[in-house]
Each structure stands twice: as C-alpha cells, then as structure tokens.
2 protein chains.
Amino acid sequence: MTDKIDSSLQKAQTECMRTGLRLTDKRSKVLKTLLQAGKPLSAYDIADQFKVSFSESLSAMSAYRMLDFLMQAGLVHKLETSNQYLACSHISCEHKHELPQFLICDQCHTVQEIGLGTHLLKELKDSIENTGFTLSSQQLELHGICAKCRADLSPQ
Amino acid sequence: MTDKIDSSLQKAQTECMRTGLRLTDKRSKVLKTLLQAGKPLSAYDIADQFKVSFSESLSAMSAYRMLDFLMQAGLVHKLETSNQYLACSHISCEHKHELPQFLICDQCHTVQEIGLGTHLLKELKDSIENTGFTLSSQQLELHGICAKCRADLSPQ
DNA sequence: TTGCAAAATGTTATGTTATAACATATTATT
DNA sequence: AATAATATGTTATAACATAACATTTTGCAA
Ligand SMILES: [Zn+2]
Ligand SMILES: [Zn+2]
Ligand SMILES: [Zn+2]
Ligand SMILES: [Zn+2]
C-alpha cells in the first residue's frame, strides 16, 4: 500500500521534472494526502488532513492553489458533482486517459476511475461532434451503486 | 417565443396535475424565469430575476426549495459543473429522456440539451454495468465550444 | 363551515465551497 | 548580489447551499 503511494509520488515527481513543472514539497504532500485517503476529499478536508498527517499548517486557500497545480499536471481530478478532489488512479501505471471517467457510489461514496473502451468513447465523441459542437477534454461522472453495496443490499 | 414559453408552462401545469404535484404560482413563476432566461442561472440569479420580472420578493432559500420541486418534477435540471439551473428543453415536446445530456459552451456559456442515440446510450450503460456497477439515472455534462463560437473563432 | 393536518412559503442564521487581493518567502537567472 | 518569477502565507469576502423554526395557505374531514 505504502509502496504504491511512494511509487506514485516518485512517478509524479519524475513526470513533473520531465515536463518542467515544479512538484514542490507541499504540493507533493497534498498529493500524498489524497493518495493516502484513497477517496475524494474537499479542499477543506485536505487542509485539515494535511495538518494531521504532517503537523504542518496549510490554509484552505493554499490547498486550492495546490490542487489547481496538481489538476493541471493531470495528477488530481475534481469531481464536479460533489466538489471533491481525488488523486488520479493512473499515476503509477502507463495508462493514458483523454477523458477521465468516474463511477461514484451514492451509498458508500467510493469512486472508481474507469477506462471505457476507446471504441465506445470514439462513438460518443463522434456523435457529439456531429452536432457541430467541439468537445474539449472533460470527464464523465456517473452515479449509482457499486458492486459491493449492491451485494450488501441484496444478500442472497 | 412567448408562445413556446406559455405552452411549456401550460404543459407543465397539466403534467403536474396528472401526477398529483402542486405547481403553485411561485413555482410556476420560477420555471417561467428560467424559460425566459433561456440559459442556466444560479439560484441567487433566479431570485434576483424573479424580483425584476414579477415585482415580487423571493428569497434565495425559497428559490432553492422551488428548484428542488421543479427538479423532482423533471421540469428543471441542475448543471453540476457550474452550479446552475435550467429549464428542461423537452417540456413542451413528447420527448422522454432517461439520461439528460448537456453540451456546455465554455465560450458563450450556452447549453444545449441533446439526445444521444439510444443505441449509444445502451452501449455506454452496458459497458458500465459490466463492471458490476449499477447506474442510477444521472446526466452527462460535456464541455467544449459550440458551433457558433467555433465559427466566430475561425471565420473563413 | 369549522377545525385540523399537511404542505408551502417566509425568515434568519449558519455551513460549505471558492476566489480576490496583497504580503512575504523561496527559487531561478543574470 | 541583484533581479524577476514563482510559490506560499494571510485576511477578507464572494458564491453556493442547508438548517431550523415561524407563518401562511391549502386540502380534507368532522
Ligand atoms: Zn485519472
Ligand atoms: Zn458502494
Ligand atoms: Zn430535460
Ligand atoms: Zn458558444
């Protein structure tokens, strides 16, 4: 678990270096906070958790700025439907996503970042662009009940 | 234009009667405010516009409550990506949508409520449910540049 | 028709999310 | 070392949303 987090942080650092972005100590710690949480947090939650984890102050204002940076760097996503932030699931792997897609469980609030087939995405994209609209990179947030909660609800 | 708005209000009234919902005068005026605006408004915008249009007070708190009602009735949608509300485009027509889909122009902020092919939606739904996730009714909000703005950007 | 209960609306307070504006500190470059 | 650019600290405020309780309106039954 810690290994996964460390390797993600390592990878993030390397990738930022390569692209000329400065993943400072605090920014890295904000990312680490999200990786450790393993679930979406609000900016204010992040600031609070940061203080607990690192015994170091972080104002919400700073959290927002660092989240902006991390989002630009593609390391963090914002869930618009819940105003929360979460670490990208694909930091440590090679998987490259154009359009992040999230399945959000309304029961246990876990979020799964998935990768729909490129075929399906292309179809979706084509269908939209046929209307004359030009898509910019965005994301899909789909709500429902996750497999685990579904099993808990109907036990047999 | 006014005809379209009136017929939508009429239809909304009829539909609410049929399903036992009470589309009160104020609720109807909130819906009218959105229909007249023809674009998404925040709850506070709605309260302000309501006062202007009807010379009648409406607190933001009341606006939120009326929006909740209108959303439950399927007459209004909330855009989660901009915290704004807009009248459903399909009030006056028979078109029934399970999953509302919006194309949001980041240039001029107009919103187009579209209907993707049922085939494509089914494929999307199947693809997601294959992961074990159970979708509840949700919506797609896709950002980009509308045809008009695109034309303005590249004039020839 | 009167009385009651439920639903709708009014009102005030407060919680939550996000940005503006300006000061200070750190870093890179010359 | 001087300078400029970037990052962070700090305070204030804007924007979005809900809680809690009072009052009014409505539907319905006695
Ligand atoms: Zn991602
Ligand atoms: Zn769940
Ligand atoms: Zn609609
Ligand atoms: Zn546009």
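Just so it is clear: chains get the letters A, B, ... in the order the sequence lines come, proteins before strands, and each one is counted from 1. This structure is a prediction, so every number in the text was calculated from the model and none was measured.
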Which value, rounded to the nearest 0.5 Å, describes the distance between [X] atom [atom1] and [Y] atom [atom2]?
X: Met66(A); Y: Ser59(A); atom1: CE; atom2: OG; result: 7.5 Å
X: Cys146(A); Y: Asp106(A); atom1: SG; atom2: CG; result: 10.0 Å
X: Gln84(A); Y: Leu79(A); atom1: CD; atom2: CG; result: 6.5 Å
X: Asp3(B); Y: Ser92(B); atom1: CG; atom2: OG; result: 11.0 Å

(message) Ignoring hydrogens and geometry beyond distance, is the side chain of Tyr64(B) in donor-acceptor contact with the base of dA19(D) at under 3.5 Å?
(response)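 In this structure, the two groups form no donor-acceptor pair.
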Answer with base, sugar-phosphate or nothing: what part of the nucleic acid does [X] contact at a heavy-atom distance below 4.0 Å?
X: Tyr44(A); value: base
X: Thr24(A); value: sugar-phosphate
X: Met66(A); value: sugar-phosphate
X: Arg65(A); value: base
X: Arg22(A); value: sugar-phosphate

(message) Assuming nearest nucleotide by heavy-atom distance, tell me which of Ser57(B) and Ser42(A) is located more 5' along DNA chain C.
(response)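 Nearer the 5' end of the strand: Ser57(B).
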(message) If hydrophobic clusters are built from ILVMFWY residues whose side chains come within less than 4.5 Å, do Met71(A) and Phe102(A) share one?
(response)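 Per the 4.5 Å side-chain linkage, Met71(A) and Phe102(A) are not co-clustered.
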(request) Starting from C1' on dT25(D), measure out to CZ on Arg27(B) and report it in whole angstrom. (result)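 So the CZ-C1' distance, Arg27(B) to dT25(D), works out to 12 Å.
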(request) Would you mind telling me which of Lys51(A), Lys32(A), Lys26(A) makes a salt bridge (charged side-chain N to carboxylate O under 4.0 Å, His left out) with Glu56(A)? (result)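 Among Lys51(A), Lys32(A), Lys26(A), the one meeting salt bridge (charged side-chain N to carboxylate O under 4.0 Å, His left out) with Glu56(A) is Lys26(A).
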(message) For chain B and DNA chain C, what are the first and last nucleotides along the strand, 5' to 3', with at least one atom under 4.0 angstrom from a heavy atom of the protein chain?
(response)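 First-to-last contact on DNA chain C, by the 4.0 Å heavy-atom rule, is dA7(C) to dT12(C).
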